[in-house]
Amino acid sequence: MKRALLLLSFVLPLAASAQLVKLDGAKSVQYKQVEDTKLFLHVFNPKDHKASDRRPAIVFFFGGGWNGGTPKQFEPHCTYLASRGMVAITAEYRVKSRNKTTPFECVKDGKSAIRWVRANAVKLGVDSKRVAAGGGSAGGHVAAATGNCLGLEEEGENLKVSSKPDVLVLFNPVYDNSSKGYGHDRVKPRWKEISPMHNIRKGAPPTIVFLGTKDKLIPVSTAQEYEKRLVAVGSRSELHLYKGATHGFFNKGKGDAYPDTLIKMDDFLNSLGWLKGDPIFKKESK
């Protein structure tokens with residue numbers, strides 16, 4: 001059985017080299033080790049940030065079908081949110097191509113990352129009660145699962161520190177793993193355990209979702225049903241549909257929707273009191 005080591009303090013200097021990528025402006029910190037695999041968080045701090053600060057934080061998980069991908073995908077989002085005063089983090093997690101893992105390990109790593117940020121909030125200059133999770137596609141699944149699915153915790157971790165994020169920011173997320181959804185063959189017969197859609201309950205985090213109407217992996221009807229279930233349990237939901245947009249439309253350089261998604265993300269976080277003032281740049285048309 002693979003055993004994980006949750007690093008509950010900074011056992012490595014912040015300048016430690018990361019396993020997958022090195023991102024300009026980020027400080028890389030190891031948060032977990034499973035056998036020989038070390039996993040890192042890439043932390044983007046606001047200007048003049050101090051450990052004594054208590055800022056909101058967000059942890060992003062990259063997309064790639066639970067098979068591949070890198071934390072670099074959400075570097076632009078992290079840079080933007082750090083400029084707005086948040087501690088923004090893009091996380092590494094195990095995937096099939098590199099680690100021969102399943103989606104269940106992806107979610108376990110996601111939960112470990114959220115827990116690690118909370119456990120180290122004082123050293124990070126973060127408010128432990130304002131930790132969000134975000135992600136795109138399969139990374140959106142990881143984020144949504146950390147916010148909704150019970151269990152799937154890594155063995156040996158301190159479960160007294162919550163792995164549930166306070167807010168979710170999801171970009172064309174895989175959040176239905178039923179036979180009608182995506183990735184069912186990868187997670188059956190345990191699909192209901194890991195499907196965010198089927199684990200929504202009272203106390204679900206406030207959630208914003210971005211989806212293209214021409215996404216071949218995530219139907220609009222799925223997003224609408226997810227929103228319906230969130231509202232039914234008394235949680236806040238914002239669904240933004242982009243006409244004619246396909247999967248991955250939100251990425252910087254993929255199309256012209258990127259600035260608009262940033263503005264809407266900013267407005268959402270601002271409405272929660274996590275950001276202050278106006279967005280950095282003016283709204284642009286989709």
Side-chain angles (χ1 to χ4, degrees), residues 1-12 14 16 18-20 26-35 37-45 51 54-62 66 71 74 78 86-95 99 101-135 138-170 193-194 196 199 201 203-207 274:
M1 179 181 294
K2 294 184 177 180
R3 293 184 178 273
L5 171 64
L6 179 65
L7 304 174
L8 293 178
S9 61
F10 287 89
V11 298
L12 293 178
L14 286 177
Q19 179 188 13
L20 295 180
K27 297 178 180 179
S28 301
V29 191
Q30 184 181 335
Y31 75 94
K32 184 174 182 178
Q33 182 170 344
V34 182
E35 295 183 343
T37 300
K38 296 179 180 181
L39 299 172
F40 291 80
L41 301 176
H42 305 275
V43 184
F44 291 78
N45 286 320
R54 293 296 173 262
R55 297 178 183 265
I58 186 167
V59 183
F60 285 104
F61 300 99
F62 57 83
W66 308 294
F74 281 99
C78 287
M86 287 184 71
V87 173
I89 301 166
T90 180
E92 298 179 6
Y93 63 93
R94 289 171 290 169
V95 293
N99 310 105
T101 49
T102 73
F104 293 94
E105 285 73 41
C106 299
V107 173
K108 284 184 178 182
D109 291 346
K111 292 198 170 198
S112 295
I114 299 298
R115 175 172 289 115
W116 190 93
V117 170
R118 276 219 177 86
N120 288 275
V122 173
K123 294 179 180 179
L124 289 168
V126 162
D127 182 349
S128 63
K129 296 182 179 179
R130 293 190 293 169
V131 179
H141 171 269
V142 171
T146 64
N148 292 287
C149 298
L150 300 179
L152 302 178
E153 308 282 2
E154 191 65 77
E155 182 181 351
E157 294 186 359
N158 180 9
L159 301 187
K160 292 182 180 180
V161 180
S162 175
S163 63
K164 179 181 177 181
D166 301 291
V167 169
L168 292 175
V169 179
L170 308 177
E193 181 183 352
I194 200 173
N199 285 277
R201 55 180 56 82
T207 302
W274 289 32

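FYI, side chains are in, hydrogens and waters are out, and symmetry mates aren't considered; it's all heavy atoms of this structure.
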**OP:** Report the C-alpha separation of Trp66 and Val95 in whole Å, then their side-chain angles, then the decisive distance to 0.1 Å, and conclude whether the side chain to side chain contact (heavy atoms under 4.5 Å, CB included) test is met.
**Re:** CA-CA 5 Å; Trp66 308 294; Val95 293; 5.6 Å; no
When rounded to the nearest 0.5 Å, the distance separating OG of Ser28 from CD1 of Ile89 is 11.0 Å
One should read off an interatomic distance between Met86 CE and Trp274 CH2, to the nearest 0.5 angstrom, of 5.5 Å
task = Mark yes or no for whether Thr37, through its side chain, and Gln33, through its backbone, hold a donor-acceptor pair below 3.5 Å.
result = no
| Under the ring-ring contact (aromatic ring centres under 6.0 Å, His included) criterion, do Tyr93 and Phe62 qualify, and how do the steps go? | CA-CA 9 Å; Tyr93 63 93; Phe62 57 83; 4.3 Å; yes
To the nearest 0.5 Å, atom CG of Asn199 lies from atom CG of Asn148 at 7.0 Å
*Salt bridge present between Arg118 and Asp166 (N-O < 4.0 angstrom)*: yes
Heavy atoms of Glu105 and Thr102 approach each other most closely as OE1-OG1, 2.5 Å
One should read off an interatomic distance between Gln30 CD and Glu92 CD, to the nearest 0.5 angstrom, of 9.5 Å
| With a 4.0 Å cut-off, would you call Lys111 and Glu153 a salt bridge? | yes
Heavy-atom closest pair (Val131 atom, Asp127 atom, distance to 0.1 Å) is CG2-O, 3.7 Å
Could you go through Cys149 and Glu193, starting from their C-alpha distance and side-chain angles, then the distance that decides it, and tell me whether this counts as side chain to side chain contact (heavy atoms under 4.5 Å, CB included)?
CA-CA 7 Å; Cys149 298; Glu193 181 183 352; over 6 Å; no
Here the pair of heavy atoms bringing Leu41 nearest to Ala113 is CD2-CB, 4.0 Å
Notebook entry, point to check: Do Leu124 and Arg55 come within less than 4.5 Å of each other through their side chains, counting heavy atoms only?
Noted result: no
Partner of Asp109 under salt bridge (Lys or Arg N to Asp or Glu O under 4.0 Å), picked from Arg115, Lys38, Lys32, is Lys32
On a heavy-atom basis, the closest approach of Ile194 and His141 is O-NE2, 3.0 Å
Rounded to the nearest 0.5 Å, the CZ atom of Phe61 sits from the CD1 atom of Ile114 at a distance of 4.5 Å
Correct closest heavy-atom pair for Ala132 and Pro165 would be C-CB, 4.0 Å
The reported gap from OG1 in Thr146 to CG in Leu152 (rounded to nearest 0.5 angstrom) is 10.5 Å
inquiry  = I'd like to know whether Arg54 forms a side chain to side chain contact (heavy atoms under 4.5 Å, CB included) with Val126, so could you lay out the CA-CA distance, the side-chain angles of the two residues, the decisive distance to 0.1 Å, and finally the verdict.
reply    = CA-CA 4 Å; Arg54 293 296 173 262; Val126 162; over 6 Å; no
All heavy atoms of Thr90 vs all of Pro71, minimum pair found to be OG1-O, 2.6 Å
